[in-house]
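Below, all heavy atoms of this structure are taken into account, side chains as well, without hydrogens, waters or symmetry copies.
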Amino acid sequence: MKTDAMTDESLQRDDIIGQDLLSFDVAVDGSRFRMSFSQPDGSSASLNLPSDCLRALVMTLPKMMAEVLRAQYKDDSLRLVYPAHMVRVEQASEPSTLILTLATPDGFEVSFALGGRQLQTLAAAHASIRRTGEAAPVFN
């Protein structure tokens with residue numbers, strides 16, 4: 001996927017200039033999805049894509065948000081952080097893997113598969129907080 005800096009001059013004649021996300025729809029068979037936007041002139045427009053694009057979009061949005069924050073505030077340390085309202089841990093079909101699901105109060109939910117190394121990192125961070133009572137150091 002190619003990324004370039006966007007400028008006012010780089011806007012294309014056929015660009016959809018969205019102002020607010022109005023709604024989304026999913027095809028009955030799950031093959032496509034549509035996002036509808038309001039535009040500055042009061043009209044609306046939609047982006048209709050195959051569902052295969054949704055995975056790429058979901059994986060790209062956090063990087064896009066990081067670049068937006070960096071461009072707006074000129075601060076590489078900023079992160080978009082959500083309050084975790086719900087934490088669920090489940091056993092994956094792979095015996096050495098757990099599924100960690102985090103959800104926010106407004107319904108944003110994401111799941112991660114965690115294996116031995118990631119679980120050890122979480123345990124070490126938790127132990128550090130319990131031992132020192134201070135913020136956990138960065139573990140990778």
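In this structure T101 satisfies the side chain to side chain donor-acceptor pair (under 3.5 Å) test together with S111, sequence neighbours excluded. With sequence neighbours left out, the salt bridge (charged side-chain N to carboxylate O under 4.0 Å, His left out) criterion links R88 to E90, E109. Legend: residues meeting side chain to side chain donor-acceptor pair (under 3.5 Å) with D20, ordered by chain and number and at least two apart, are absent. Legend: residues meeting side chain to side chain contact (heavy atoms under 4.5 Å, CB included) with P105, ordered by chain and number and at least two apart, are P83, H85.
Other residues, nucleotides and ligands contribute only 12 or fewer heavy atoms inside 6.0 Å of the CE atom of M59.
Note on residues 27-54: pairs passing salt bridge (charged side-chain N to carboxylate O under 4.0 Å, His left out), not counting sequence neighbours, are D25-R34. A ring pair (Phe, Tyr, Trp, His ring centres under 6.0 Å) check over residues 100-122, counting only residues at least two apart or in different chains, returns the pairs Y82-F108.
In this structure, L69 CG and M64 CE are separated by 12.0 Å, a value rounded to the nearest 0.5 Å. If you take CD1 on I17 and OG on S38, they are separated by 12.0 Å, rounding to the nearest 0.5 Å. Considering CG of L122 and CZ of R117, their distance stands at 13.0 Å, rounded to 0.5 Å. Between atom CD of residue Q39 and atom CG of residue D15 there is a gap of 10.5 Å, rounded to the nearest 0.5 Å. Expressed to the nearest 0.5 Å, how far CE of M65 lies from CZ of R70 amounts to 11.0 Å. Atom-to-atom distance recorded for T97:OG1 and I99:CD1 is 8.5 Å, nearest 0.5 angstrom.
L49 is connected to M35 through a chain of hydrophobic side-chain contacts under 4.5 Å among Ile, Leu, Val, Met, Phe, Trp and Tyr, so both are in one cluster. Tracing side-chain contacts under 4.5 Å through hydrophobic residues (I, L, V, M, F, W, Y), one reaches V110 starting from L98; they form part of the same cluster. Hydrophobic clustering (side-chain heavy atoms under 4.5 Å, transitive across Ile, Leu, Val, Met, Phe, Trp, Tyr) groups L78 together with L80. Both L100 and L119 belong to a common hydrophobic cluster when Ile, Leu, Val, Met, Phe, Trp and Tyr are linked at side-chain heavy-atom distances under 4.5 angstrom. Under the 4.5 Å side-chain heavy-atom criterion for grouping Ile, Leu, Val, Met, Phe, Trp and Tyr, L54 is connected to L47 within one hydrophobic cluster.
Annotation for S46 and I16: closest pair O-CD1, 3.7 Å, computed over non-hydrogen atoms.
Listed for the Q91 side chain is a donor-acceptor partner under 3.5 Å among the backbone atoms of E94.
With hydrogens and angles left out, the side-chain atoms of S44 and S36 include no donor and acceptor closer than 3.5 Å.
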